[in-house]
Amino acid sequence: MGTAHTRKKTHTRRLSKRSGIFLTFEGIEGSGKTTQCHRLATTLTTFGHTVLETREPGGTPCAEKIRTLLLENNLSSGKQESITAECETALVLAARAQHIRHHILPALANNTIVLCDRFTDSTLAYQGFGRKLDMKILATFNDFITQGLTPDLTFLFDLPIQEGLARRKRDKNQNRLDRESQAFHSRVRRGFLAIAAQYPRRIIIINGREKPENIAQVIEHTVINLLQKRARVKT
Ligand SMILES: Nc1ncnc2c1ncn2[C@@H]1O[C@H](COP(=O)(O)OP(=O)(O)O)[C@@H](O)[C@H]1O
Ligand SMILES: [Mg+2]
């Protein structure tokens, strides 16, 4: 009896702290995350919702500085200091701690729809599958940093790595991760799909080869369904 009571109280507290909705966009380089995150932000804003469009690593001044450290090219040139897989992990997590505390949680407490370009699944896919670090340790680190904050829904953009990388090359702003080996990117893609198989209720796989308009429609439809479901629960 005591346990059920405690569980009910915790649930109520969590809901009251989090009136907003948390959606994340995941996938390999060039899969269309930023494009769709931005489109959805525009659509939801037009519908009158309060939206926070943000990204990882980054989202706060401190976390954006960490992003620059993580993505700049010269550190991995061989002539200078390379970033170890462990350092990369620690930096990503440090940026996430700042992002959650100073940006995401305040927005969620304030009835905002938070759209986040990459989140915890990227840590498992890149540092776990890509860099081959211990998945259990990474999952524990993720829990430590997020303190239980999980996305309401995650859109995973999937497409062959060559197509994603070719799109990024067209953009000409290649970062340190874009320049990783094909084997690395393949492991990351397979990693994302494995994670999606583990969390089928949270993660929706999107075919990144579809036209942007079609993808935007699917995402919009899914999010509107979620918003309607939430509105019914609240009334
Ligand atoms: N569905 C799509 N089909 C074709 N090109 C796309 C599609 N989505 C995005 N792009 C283009 O591919 C490039 C990478 O897209 P972007 O959204 O930045 O990917 P990501 O954020 O996942 O790296 C951009 O030039 C973008 O205009
Ligand atoms: Mg992007």
Side-chain angles (χ1 to χ4, degrees), residues 24-37 55-58 66-78 81-96 99 116-146 150-151 153-210 215:
T24 58
F25 294 69
E26 298 276 13
I28 58 166
E29 319 299 327
S31 56
K33 300 176 297 295
T34 304
T35 303
Q36 294 299 332
C37 193
R55 67 175 182 183
E56 287 212 346
I66 296 174
R67 180 187 182 92
T68 306
L69 262 181
L70 272 162
L71 296 180
E72 64 192 356
N73 286 305
N74 62 349
L75 286 168
S76 58
S77 67
E81 178 187 355
S82 68
I83 295 183
T84 68
E86 291 79 5
C87 173
E88 183 178 275
T89 306
L91 288 174
V92 168
L93 294 168
R96 179 166 305 136
H99 192 208
C116 190
D117 193 336
R118 293 199 183 284
F119 196 59
T120 43
D121 297 318
S122 278
T123 308
L124 300 178
Y126 280 80
Q127 281 73 47
F129 287 86
R131 302 281 185 224
K132 302 184 180 175
L133 295 185
D134 187 298
M135 295 296 291
K136 271 195 188 153
I137 289 177
L138 292 174
T140 305
F141 283 164
N142 265 341
D143 289 346
F144 172 64
I145 297 294
T146 61
T150 47
L153 274 183
T154 297
F155 297 103
L156 168 60
F157 296 81
D158 182 59
L159 85 176
I161 58 162
Q162 289 81 359
E163 286 185 40
L165 293 174
R167 286 180 185 176
R168 295 282 295 208
K169 271 194 186 135
R170 280 203 308 267
D171 286 355
K172 291 194 175 108
N173 57 349
Q174 299 263 290
N175 64 40
R176 189 176 64 88
L177 287 176
D178 290 322
R179 290 168 192 275
E180 280 295 339
S181 67
Q182 297 239 338
F184 174 83
H185 289 294
S186 290
R187 286 199 299 278
V188 172
R189 182 187 181 197
R190 271 187 275 118
F192 273 126
L193 292 172
I195 297 163
Q198 219 181 323
Y199 301 100
R201 277 156 56 114
R202 171 173 65 85
I203 303 181
I204 295 162
I205 300 175
I206 301 283
N207 179 0
R209 302 172 89 180
E210 287 281 341
I215 296 176

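Residues Arg131 and Thr89 have side chains that never bring a donor and an acceptor to within less than 3.5 angstrom of each other.
Residue-environment remark: CZ (Phe129) exceeds the threshold of 12 foreign heavy atoms within 6.0 Å.
With hydrogens and angles ignored, the 3.5 Å screen pairs no side-chain donor or acceptor of Lys33 with any backbone N or O of Phe157. With Arg118 contributing its side chain and Gly27 its backbone, the two residues share a donor-acceptor pair below 3.5 Å. Looking only at distances, a side-chain donor or acceptor of His185 sits under 3.5 Å from a matching main-chain atom of Leu177. At least one donor-acceptor pair closer than 3.5 Å links the side chain of Arg96 to the backbone N or O of Phe119. A distance-only check finds a donor-acceptor pair linking the side chain of Arg67 to the backbone of Pro57 [under 3.5 Å].
Annotation: side chain of Cys37 is not in contact with side chain of Arg55 (no heavy-atom distance under 4.5 Å).
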For a side-chain contact (heavy atoms from CB on, under 4.5 Å) check, start with the C-alpha distance between Val188 and Glu29, then their side-chain angles and the critical distance, and finish with the verdict. CA-CA 10 Å; Val188 172; Glu29 319 299 327; over 6 Å; no
Check the pair Leu93 / Asn142 against side-chain contact (heavy atoms from CB on, under 4.5 Å), numbers first and verdict last. CA-CA 7 Å; Leu93 294 168; Asn142 265 341; 3.8 Å; yes
Leu156 and Leu193: side-chain contact (heavy atoms from CB on, under 4.5 Å), yes or no, with the steps? CA-CA 8 Å; Leu156 168 60; Leu193 292 172; 4.3 Å; yes
Test side-chain contact (heavy atoms from CB on, under 4.5 Å) applied to Thr24 and Glu56, step by step: CA-CA 10 Å; Thr24 58; Glu56 287 212 346; over 6 Å; no
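When all heavy atoms of Asp117 and Thr34 are compared, the pair lying nearest together is OD2-OG1, 2.6 Å. Closest approach of Ile161 and Gln182 over heavy atoms only: CD1-O, 3.4 Å. Here the closest heavy-atom approach between residue Asp121 and residue Thr154 is recorded as OD2-CG2, 3.6 Å. When all heavy atoms of Arg189 and Pro160 are compared, the closest pair comes out as NH1-CA, 3.4 Å. Among all heavy-atom pairs drawn from Arg202 and Pro151, the shortest one is CD-O, 3.4 Å. Summarising the geometry of Ser122 relative to Gln127, their closest heavy-atom pair is O-OE1, 3.9 Å, with the distance given to 0.1 Å.
Distance CG/Leu70 to OH/Tyr126: 12.5 Å, rounded to 0.5 Å.
Note on Glu88 versus Arg176: salt bridge recorded, some NZ/NE/NH1/NH2 to OD/OE distance being below 4.0 Å.
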